[in-house]
Amino acid sequence: MLSGEKARIAVLVSGGGTNLQALLDAQKSGVIKSGEIVLVVSNNPNAYALTRAKNSGVASEILTKSGCGGQSGFEEALTGLLERNQIDLIILAGFMSILSAKFTTHWEGRIINIHPSLIPSFCGEGFYGLRVHEAALSYGVKVTGATVHYVNEIPDGGRIILQKAVDILPDDTPEILQKRVMEQAEWVLLPRAAELVSAQIIQHREEHQNV
Ligand code: GRF
């Protein structure tokens, strides 16, 4: 990365990509100004997120575990792809695959994830999609939310970057709650975190160039 350049961002997706859309919109509106989304990678060939990338003119790639001969082949291919694209920051936005310690260590401090609860509640292995909101409702908490955190070898266990609380209302179903958490927290928080971490990456780079 050269001085004056933005942090180069790759977004990893598996599904609908509403968080990817929030990032693309935030880039357009100037909320994200220190980073640029240059690549979208999907491990699901049918992900609608790929259409969103195309509509915004962002390059995309499909990489599947089966196509790469398993987890380690997948991660090697992914690292190669990210390095060839000189990626500074990896954003997991609804990426439904656990990454190994080898991968997360290699990219330490350069991978962030959005999780739809207030970590450390309703997180970790098995807590994804609607299951997170089902668990919050069945526990009976009155407040939930979303968390953006760094990714390490522990699922949803890395250092917290930003959190936002969302009220749970009496008639909530998992689907209604999921939608409210997305609208009120995820789509606001992830772009903010992307800007924050991109700005830190640039600052870090400039400090090192001035030594
Ligand atoms: C979001 O709830 C996100 O928090 C979770 O997976 C979901 C992805 O949704 N990690 P989308 O693909 O961004 O619409």
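Numbering of ligands and ligand atoms starts at 1, following listing order.
- Residue contact check: Met182 has heavy atoms under 4.0 Å from atoms 1 (C), 2 (O), 9 (O), 14 (O) of ligand 1.
- Selection from Ala93, Gly17, Ala146, Gly94 by nearest heavy atom to atom 12 (O) of ligand 1 gives Gly17.
- Salt bridge absent: Arg205 and Asp88 never bring a charged side-chain N and a carboxylate O closer than 4.0 Å.
- For Arg8 and Gln86, the side-chain atoms include no donor-acceptor pair closer than 3.5 Å.
- Using modelled atom types, one finds no donor on one side chain facing an acceptor on the other under 3.5 Å when comparing Asn44 with Ser14.
- Nearest to atom 3 (C) of ligand 1 by heavy atom, out of His133, Glu186, Arg52, Lys179, is Glu186.
- Interatomic distance, NZ of Lys179 versus OG1 of Thr18, reported as 11.0 Å (0.5 Å rounding).
- Counting heavy atoms closer than 4.0 Å to ligand 1, residue Gln178 contributes nothing at all.
- Backbone and side-chain nitrogen or oxygen atoms of His115 are examined, and none is located within less than 3.5 angstrom of a nitrogen or oxygen of ligand 1.
- Aromatic ring orientation, Phe74 versus Phe95: parallel (interplanar angle below 30°, classes split at 30° and 60°).
- In terms of protein heavy atoms, atom 10 (N) of ligand 1 is closest to Ile114 O, 3.2 Å.
- Nearest-residue assignment for atom 11 (P) of ligand 1 (options Val13, Asn44, Thr18; heavy-atom criterion): Thr18.
- Contacts between Met96 and ligand 1 below 4.0 angstrom, taking non-hydrogen atoms only, are absent altogether.
- For the side chain to side chain contact (heavy atoms under 4.5 Å, CB included) criterion with Phe103, the lone passing option out of Glu76, Glu75, Glu108, Glu153 is Glu75.
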